[in-house]
Amino acid sequence: MRVTGLIKEVREQVKDWRRQGLSVGFVPTMGFLHEGHESLIARAAAENDKVVVSDFVNPIQFGEHEDLSTYPRDFNQDQRVCARAGADLIFHPEKEEMYAPDFSTYTEVENVSKGLCGKSRPTHFRGVCTVVSKLFHIVLPDRAYFGQKDAQQLAVIRRMVRDMDMDIEIVGCPIVREEDGLAKSSRNTYLNPEERTAALVLSKAVAQGEELIRNGERDAGVILAHMRNTIEAEPLAKIDYVELSDADSIEPLQKAEGRVLGAVAVFIGTTRLIDNFMIEV
Ligand code: PAF
């Protein structure tokens, strides 16, 4: 497995693979890789001849008061995870390689970026789409792999790829959970033991919402009230949002119909966590 911080070297390597007729899968990450990332890399390795993983904490997707400076990093561990899961190349650039001092071009997806996380993180998806479109231009993959855990990010990326005619297949992959249900996230490391227990209200609320729909409930008000009650019963939890949305447009739903995304964002202490379920009704 090769590691480089240089755009030029990624381009040369991918061109060389292309000359040999090999397909390329791509997994963009911000590092501190866990089993969720590992499942994306393993899937990319199973479905492509070669796999590129980017490992870059993208500063422009963090808001002013967010956790950019404390975001967890462990590049040695990341290399072990990538090698184990079958990656062929890690792109691990410095900020200066990705952003010129006078960088001034952004990719913005309207509408889909506005609800859910977009409400409390108004510049987040602009930062995500800008870095992902740059990475797509650098790697030129056949397929790119994203976790369903960031369901709105997945919807935004799909819309960007469709609208900008990017010739890349976007593959959404299932949420990977801890044994007790907590969705894997690099931010789980911020939780102290008491908060770690409290954080289970997210997966509990999500499972409850999905169960209600499976049992025939369609009224979003009823479903959301149950989910909110579950979260509010936990003193360490503070709701950012609990919503039912269309999984593609991220428009709020009054009735659970179509491709339904039930999504929650909750502060556990100062750590903001997200979780969701997706169901076709
Ligand atoms: O999901 C993430 O880790 C990031 O948002 C991504 C897609 C790597 C862009 O920085």
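The residues of the chain are indexed from 1 along the displayed sequence. Atoms within a ligand are numbered from 1 in the order they appear, just like the ligands themselves.
Of all the listed residues (His37, His124, Gln61), Gln61 holds the heavy atom that lies closest to atom 9 (C) of ligand 1. Looking at Lys149, Gln153, Lys134, Met30 and measuring to atom 5 (O) of ligand 1, the nearest heavy atom belongs to Gln153.
Between Lys184 and the options Glu178, His37, His34, a side-chain hydrogen bond (donor to acceptor under 3.5 Å, both in side chains) holds for only Glu178.
If you number the atoms of ligand 1 from 1 as listed, the ones under 4.0 Å from a heavy atom of Thr29 come out as 8 (C). Within ligand 1, the atoms closer than 4.0 Å to a non-hydrogen atom of Pro28 are 8 (C), numbered from 1 in the order shown. Atoms of ligand 1 lying under 4.0 Å from any heavy atom of Val131, numbered from 1 in the order shown and given with element: 9 (C), 10 (O).
For Phe62 and Tyr71, the ring centers sit closer than 6.0 Å to each other. Between His92 and Phe75, the ring center distance clears the sub-6.0 Å criterion.
Cation-pi check for Lys134 over Tyr99 is met; the charged atom lies under 6.0 angstrom from the ring centroid and within 45 degrees of its normal.
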Could you walk me through whether Arg196 and Ile268 pass the side-chain contact (heavy atoms from CB on, under 4.5 Å) test, one step at a time? CA-CA 8 Å; Arg196 171 66 183 73; Ile268 302 292; over 6 Å; no
